[in-house]
2 protein chains.
Amino acid sequence: AIRYLSKRRQERVGLIGDWLRRQRFDLVLLQEIWSEQDYTDLVARLGSCYPFSHYFRSGVIGSGLCVFSRFPILDTLLYQYSLNGYPYMLQHGDWFCGKSVGLLLMGGLTAVLPPSSHQLHAEYCREKDGYLPHRLVQAWELAQFIRHTSKAADVVLLGGDLNMHPQDVGIRLLRGCTGLRDAFAEAAHFEGCEDGCTLIPKNCFTIKTELLPFPQGIRIDYILYKAVSSFTVQCEELRTTTGTAPGMDIPFSDHEAVMATLHIQRQGQAVGDSLGTTVPTLADVVTEAQAEVGVGLRAAQRQRYSTGRMAVLALLLLLLQAVAALGALVGLGTEQPFPKLSFSLLAFFAVGILLLATGLHLFHTMEVKMLQGTEEQLRMVLRVLQEQ
Amino acid sequence: AIRYLSKRRQERVGLIGDWLRRQRFDLVLLQEIWSEQDYTDLVARLGSCYPFSHYFRSGVIGSGLCVFSRFPILDTLLYQYSLNGYPYMLQHGDWFCGKSVGLLLMGGLTAVLPPSSHQLHAEYCREKDGYLPHRLVQAWELAQFIRHTSKAADVVLLGGDLNMHPQDVGIRLLRGCTGLRDAFAEAAHFEGCEDGCTLIPKNCFTIKTELLPFPQGIRIDYILYKAVSSFTVQCEELRTTTGTAPGMDIPFSDHEAVMATLHIQRQGQAVGDSLGTTVPTLADVVTEAQAEVGVGLRAAQRQRYSTGRMAVLALLLLLLQAVAALGALVGLGTEQPFPKLSFSLLAFFAVGILLLATGLHLFHTMEVKMLQGTEEQLRMVLRVLQEQ
């Protein structure tokens, strides 16, 4: 819901509000509510059924994350990803928003809202996916964040657009390291789009060319959960909308809504936290992720080098110009007039290149550091796994 | 330890390495090791006594945080502050580094390394301290981070330069919300600088003018701790260096080293996590912090407005120029030659102002959002406290 850009935004926000009021869920997690005005409208509309709500503020545009709940929200925390696309990829916009993971504490329930990012939507680029290392760093950071913040929780819930297919290495890393279970795979009863897809060609707001290789659509929105202490969680039912909002002629959003009915039960003795998969499987996933991060690291190092070289060249050009200007000042080459206009245009050009290349160089330096840090953390995990 | 800038850097890093090897601490937390080469040198020097070490990578320059330990480091996490000074205050450098809090898990011990920031060092500006709201947001985020990540820990340890005096609202907020205790106040035995000061005029690397209002020095480096579950922690001894390194003629650093001997004991029954102060005192601290954050918010809103206005003015100037250039092209005012040089210089100037003002506007927009978010979280805490 981007102001002035998204189609039929206010109408859809209104429909979402009416529908949520009728459905009376316990907990609603929303992404991409970019305009705080829309959030305020929803609060006004939903206040009677969902007395507790929170909007996570961050970045230039905002996180777009908000939550409505029938139960009190006791505490919140925002965690920023260290890597989030490139600032110069303006059309993806990820760098300016969506950098933050939101966390809610509601008694023993810890609910996590991932930021939605647009880096995967270009499905036609899946073969040469330059963003993969960034997404892996994010999946890893999300897993680390969940592991570190949910130790004292009874139940952990992660819901939202993860922009990864169920078999992608990022999802396997996240699930393997946290032990989160996929509501779609576990549901006793399912109702909705085929294979649980949440981005489908039938939805009139999806971009059809992006979905060409996937005629059924793709499943990239998840509800994941786990029980940590003396509780069990079972997914009784999972539903998705199917292209249009129930009883309407337009969809709520380009993504289908995902709704889960979870049965949470206290059991006798406390059980320890466990990994999601066996140790050898997890070690394989971590190795795979490490290789991909390594590929990204080498690309970032190349870019850091080439932007640095460009900055140095621009600086040399400026120095050359300074020498030429000094030469003209002390009276060398007075036989022909000094070309003031082209000279100042060239200087303007050189300064521009210098600033741009320096900025990019700093950015890629940061990228290299973060990828190195993640690679090292993955190595540490792998060592611990191998010792087991 | 900044390469090429810090005085006698390599000599001091060598001294620190030798001394740590002789002292055989259990755990060493270091800040401002900006050069990874220095870290690698320390690892080579200390490998035999401290077999476990970690360097936290982040930002353009790095976090500067590293740790050496006699016991295994099982897991690490890096958390980025959302606000950290202004990118245009190059001389403070905080924006380019020191943005991240490091967390270590070592069995039941959670150790936290805060980033060191330079925003408080200008002690002569303590009266009109424009950074106070940023520091409060950081103190709040640090408190939140510790609360959310340490729930399953036995013992939590926070050590480093917090850049706040013991009575500052930020320290009171941090201690009140987390229940962390100050090793200096609790120590059975103390040995070192008067009042536990860690930035003293006697140290030859401190800037004397900054310490003029404090002839004894100031205490801004802390070791804070708490026991969470069925443990008790007591500080048996606290020591600081006193201007020079023991047995040397120069100090290790401009800050004095702080060393604590903690006695950790398992006790019979588990005790719940408790707040550091009584509810009314904590409510007062939160109210005070909220007021300061409000002041910062209004300042940020003013700056957002004025930078936005400047960007609009620069855009108008460019539009005017475009109109003038079009006029010249279609042949208006041909009686006098078109002033190409001054025209392109003016355009250059306007583009520069436009870019600068837009960048600043985006930055202050982010600042406003983060301050609003913190103010709201503080309000939520205050409501919970008032209900108690």
Side-chain angles (χ1 to χ4, degrees), chain A residues 36 54-63 72-82 96 99-100 103 105 110 141 144-145 147-153 228 273 340-345 347-348 351-352 355 361-366 368-377 380-381 384, chain B residues 36 54-63 72-82 96 99-100 103 105 110 141 144-145 147-153 228 273 340-345 347-348 351-352 355 361-366 368-377 380-381 384:
Chain A
E36 269 195 64
H54 185 74
Y55 188 83
F56 289 93
R57 286 186 180 82
S58 88
V60 178
I61 301 172
S63 70
I73 296 166
L74 301 179
D75 209 342
T76 64
L77 183 68
L78 202 67
Y79 176 81
Q80 296 203 4
Y81 281 148
S82 53
F96 292 96
K99 291 188 75 166
S100 304
L103 179 92
L105 289 196
T110 293
E141 290 191 2
Q144 286 282 84
F145 178 70
R147 283 172 57 208
H148 284 284
T149 52
S150 67
K151 289 207 170 106
V228 180
D273 195 6
K340 277 185 197 164
L341 179 65
S342 58
F343 192 84
S344 53
L345 281 180
F348 178 60
V351 167
L355 287 178
H361 182 69
L362 288 179
F363 175 78
H364 288 298
T365 304
M366 264 162 65
V368 164
K369 292 219 185 253
M370 292 319 306
L371 287 166
Q372 278 175 339
T374 305
E375 206 185 25
E376 199 174 287
Q377 288 194 322
M380 193 192 285
V381 168
V384 173
Chain B
E36 269 195 63
H54 186 73
Y55 189 84
F56 289 93
R57 287 188 179 78
S58 88
V60 179
I61 302 177
S63 70
I73 297 166
L74 300 179
D75 209 342
T76 65
L77 184 69
L78 203 64
Y79 176 80
Q80 296 203 1
Y81 282 148
S82 52
F96 292 95
K99 291 186 74 166
S100 306
L103 178 92
L105 289 195
T110 293
E141 290 190 2
Q144 286 283 85
F145 178 69
R147 283 172 55 208
H148 285 285
T149 52
S150 67
K151 288 205 171 107
V228 180
D273 197 4
K340 278 184 198 163
L341 178 66
S342 57
F343 191 83
S344 54
L345 280 180
F348 179 61
V351 167
L355 287 178
H361 182 69
L362 289 179
F363 174 77
H364 288 298
T365 304
M366 263 163 66
V368 164
K369 291 222 184 252
M370 292 319 307
L371 286 166
Q372 278 175 339
T374 305
E375 206 184 25
E376 199 174 285
Q377 288 192 324
M380 192 192 283
V381 168
V384 173

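On a predicted model such as this, the values are computed, not experimentally measured, just so you know. Sequence lines set the chain letters: A, B, ... in the order given, protein chains first and strands last, and positions in each chain run from 1.
Contacts between B:Leu103 and chain A at a heavy-atom distance below 4.5 Å involve the side chain alone, from C-beta outward. Proximity to chain A is absent for every atom of B:His361, based on heavy atoms less than 4.5 angstrom apart.
Highest contact tally toward chain B, considering only A:Gln372, A:His148, A:Gln377, A:Met380, is held by A:His148 [criterion: heavy-atom pairs under 4.5 Å]. Heavy-atom pairs under 4.5 Å with chain A were tallied for B:Phe348, B:Phe343, B:Phe56, B:Tyr55; the largest tally goes to B:Phe348. Between chain A and the residues B:Asp75, B:Thr76, B:Thr149, B:Val384, the largest count of heavy-atom pairs under 4.5 Å involves B:Asp75.
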*Pair A:Arg147-B:Leu77, side chain to side chain contact (heavy atoms under 4.5 Å, CB included): steps then yes or no*: CA-CA 10 Å; A:Arg147 283 172 57 208; B:Leu77 184 69; over 6 Å; no

